[in-house]
Amino acid sequence: MNEDRSLSAEQEVGRINAFFPILPNLGNHWAAERPWEDATIALNLHLTTLTACLVRELSLGGGTFVLSAANPRTTDASSVDLLRNLGFSVYTGGDMEDRHAQVLDHEPNYVVDTGFELTHSLLERRGNLSAVRAGIEITRNGVTRLRGRGSVPFPVVNINDGRLKDRVENRHGVGESIWQAVSLSTGMHLAGRRVLVVGYGPVGRGLARYASAAGMAVEVCETDPVRQLFAHYDGYPTPTLEEGLQRARLLVTATGRRDAVTLAHLEHARDGLILVNAGHGGDEIDVEGIRRVCKRRDHVADQVARYQLESGAALTVLGDGHPLNIVVNSGSPEPVLLHFAVLGLTLQWLASQPDLSPGEVIVSEEIENRAARFALDALNPARA
Ligand SMILES: NC(=O)c1ccc[n+]([C@@H]2O[C@H](COP(=O)([O-])OP(=O)(O)OC[C@H]3O[C@@H](n4cnc5c(N)ncnc54)[C@H](O)[C@@H]3O)[C@@H](O)[C@H]2O)c1
C-alpha cells in the first residue's frame, strides 16, 4: 500500500521532540520563569524545522520574536509557514539587506545571529542601537568577523567556542548529516568511494571520521601544519589539494573560507568528481566560476547539477555549494538542538545581566553544564 511518508513541519517537530525532548523541557522551564518578558528578540537563523522547535519553546518565556532567513537556500518553506501560523514575524524575501532592515524595524533588544550578518547590518547601516542590550553569535564564521571588527558597543556572547559545539554539533552533527545528505541526494552507497576532506577543524574531523566509518577511503587537505599533522596521526593521507583532486570521487569543504576550491584547482579534478560543501556559506567552492565556464549544465535531480567542462571532465555539484546537510534538512537533529539549548540558556542569562561590559563574552561553563544536564535528561542514557 502506498503511504505518504512526507511529514509536515508540525509533525516533524513532534517527531523530533518525541525522541529528544530537550527543548520542550526547557520550554516548560521558560514558561515558569518568563525570563524575557517584554523584550524583543531578533533571530537571524537557518529557517528549518529545528529552528521552529526552538522558537516555539523560547516564546513560552515571554517577549516578541522576529526572524530573518540566514540563507534562502537553507530556508524550509513549511517551517516558515509553521512559524508564521504560530504568529511570528518571519522575513524571507528580497536580499539579505531587505530582510535585515525588516527585522531591525522591530527595534530588537537582543540579536541572535548566524555569521555576524544581522549584527553587521545593525552596526553599519541602520537600527536603533540604544535599544540593543546584547547579542549572541552561534557560528565560527560569525565569531571571526566579530573579532575582526575590533569592538562592538554591546556584549555579544560567543556560543561557538564553549566546550560543547565543537565536540558535539560540529564534529558529530555535521559529520553524520553530510553523508546522509549525500546519500539522499544521489542515491549512492558510499562505501568504497574516495573522498577528499578540505579543512580539518572539528567539522572536517567529523566528516573524515564518519566517512571512514561508512567505509569510504578518506584523504585530508589542510593548510594549518598542526592540524595536518593531527590528520596524519588520525590515519589519513594528507595530500595537497591538487594531488588529492586527481584521485577523489567526492570532495567536501569545511574551511569557513571563500574560494577554498577554485577553478584553477579543479583543473586537476578527475572526471566525475562530486563537490559538496559543509561550511557555513555558499562560497567555499567557486560554483559561480564553474557555471560561467562550463559547456553545458544538466539538472540531474533536486540539489544535483552536473557541469560539463571544456576539458571534457564532468563535475557534479550538490546543493549549489551551500551547506548540504542544512539544504537537505538531514541527519540527527540532537546536536543542533543541544546548541539551541545553549542559545536559549544564554539568552536567559543575558536577560538577568543588565550591566555586562561591551564586547565578546565566551559562553560560560555554568550555562554549558546546564545545557548538558538538560540533554542527559532528554537522552535518559540509562535507557538509551
Ligand atoms: N553545515 C553545518 O551544519 C555546520 C555546522 C557547524 C559549523 N559549520 C561551518 O563549518 C566550517 C568549519 O567549521 P570548523 O569549526 O571546523 O572551523 P575551523 O576554522 O576550526 O576549521 C577550518 C579548517 O580549515 C582549514 N583551512 C582553511 N582554508 C583552507 C584551505 N584553503 N585548504 C585547506 N584547509 C583550509 C583551517 O586551517 C582550519 O583548520 C565553518 O564555516 C563553520 O561555520 C557548518
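Each residue takes its place number in the sequence, starting with 1. Fair warning: this is a prediction, and the values are worked out from it, not measured in the lab. Each ligand, and each atom within it, is numbered from 1 in the order the structure gives.
- Under a 4.0 Å criterion applied to the non-hydrogen atoms of Cys221, ligand 1 contributes the atoms 33 (C), 34 (N).
- Here the protein heavy atom with the shortest distance to atom 19 (O) of ligand 1 is Arg140 CD, 3.4 Å.
- Note: an N/O pair closer than 3.5 Å links Pro202 and ligand 1 by distance alone.
- The distance from ligand 1 to the heavy atoms of Asn325 drops below 4.0 Å at these ligand atoms: 1 (N), 2 (C), 3 (O).
- For ligand 1 and Val198, the ligand atoms under 4.0 Å from any heavy atom of the residue are 32 (N), 33 (C).
- Looking at Leu324, Val203, Val336, it is Val203 that brings a heavy atom closest to atom 16 (O) of ligand 1.
- Every atom of ligand 1 is numbered from 1 in the order shown, and the set under 4.0 Å from a heavy atom of Lys165 is 6 (C).
- Within ligand 1, the atoms closer than 4.0 Å to a non-hydrogen atom of Gly201 are 16 (O), 20 (O), 21 (O), 23 (C), 39 (O), numbered from 1 in the order shown.
- Scanning the protein for heavy atoms near atom 4 (C) of ligand 1, the closest one is Val174 CG2, 3.5 Å.
- A salt bridge links Glu10 with Arg56: at least one charged nitrogen is closer than 4.0 Å to a carboxylate oxygen.
- Protein heavy atom at the shortest distance from atom 20 (O) of ligand 1 is Arg227 NH1, 3.0 Å.
- For Arg205, no heavy-atom contact with ligand 1 is shorter than 4.0 Å.
- For Asn109 (side chain) and Ala131 (main-chain N/O), a donor-acceptor pair under 3.5 Å exists by modelled atom type.
- Counting protein heavy atoms only, atom 11 (C) of ligand 1 is closest to Gly279 CA, 3.8 Å.
- The closest side-chain donor-acceptor pair between Arg140 and Asn158, if any, does not fall under 3.5 angstrom.
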* **Stepwise side-chain hydrogen bond (donor to acceptor under 3.5 Å, both in side chains) test for His106 and Tyr91** => CA-CA 12 Å; His106 290 261; Tyr91 300 106; 2.7 Å; yes
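- Heavy-atom proximity to Thr223, at under 4.0 Å, picks out these atoms of ligand 1: 26 (N), 27 (C), 28 (N), 29 (C), 30 (C), 32 (N), 33 (C), 34 (N), 35 (C), 37 (O).
- Closest of all the heavy-atom pairs between Ala254 and Glu284 is N-OE1, 3.6 Å.
- Summary of contacts: the protein heavy atom closest to atom 15 (O) of ligand 1 is Asn170 ND2, 2.9 Å.
- Here the protein heavy atom with the shortest distance to atom 40 (C) of ligand 1 is Asn141 OD1, 3.6 Å.
- Contact annotation for Arg257 and ligand 1: only side-chain heavy atoms (C-beta onward) come within less than 4.0 Å of the ligand.
- Nearest-residue assignment for atom 24 (O) of ligand 1 (options Pro225, Ala231, Gly256, Gly199; heavy-atom criterion): Gly199.
- Residue contacts with ligand 1, taken as heavy atom pairs separated by less than 4.0 Å, do not involve Leu241 at all.
- At the shortest separation from atom 43 (O) of ligand 1 among protein heavy atoms lies His280 CB, 3.3 Å.
- The pair Arg171-Asp166 does not meet the salt-bridge criterion, since no charged nitrogen lies less than 4.0 angstrom from a carboxylate oxygen.
- The pair Arg296-Asp298 counts as a salt bridge, with a side-chain nitrogen and a carboxylate oxygen less than 4.0 angstrom apart.
- Looking at heavy atoms from C-beta onward, Trp179 lies in side-chain contact with Met216 at the 4.5 angstrom threshold.
- Heavy atoms from both the backbone and the side chain of Thr255 come within less than 4.0 Å of ligand 1.
- For Arg147 and Asp161, the salt-bridge test passes: some basic side-chain N is under 4.0 Å from an acidic carboxylate O.
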* Could you walk me through whether Tyr200 and Arg227 pass the side-chain hydrogen bond (donor to acceptor under 3.5 Å, both in side chains) test, one step at a time? => CA-CA 6 Å; Tyr200 201 65; Arg227 286 187 165 173; over 6 Å; no
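- By the 4.0 Å N-to-carboxylate-O rule, Glu137 lies too far from Arg145 to be salt-bridged with it.
- Counting heavy atoms from C-beta outward, Lys165 and Asn170 have side chains that approach closer than 4.5 Å.
- Here the protein heavy atom with the shortest distance to atom 44 (C) of ligand 1 is Ala278 O, 3.1 Å.
- The ligand atoms of ligand 1 that sit less than 4.0 angstrom from a heavy atom of Pro323 are 1 (N).
- In this structure, Thr92 and Thr75 approach most closely via the heavy-atom pair CG2-CG2, 4.1 Å.
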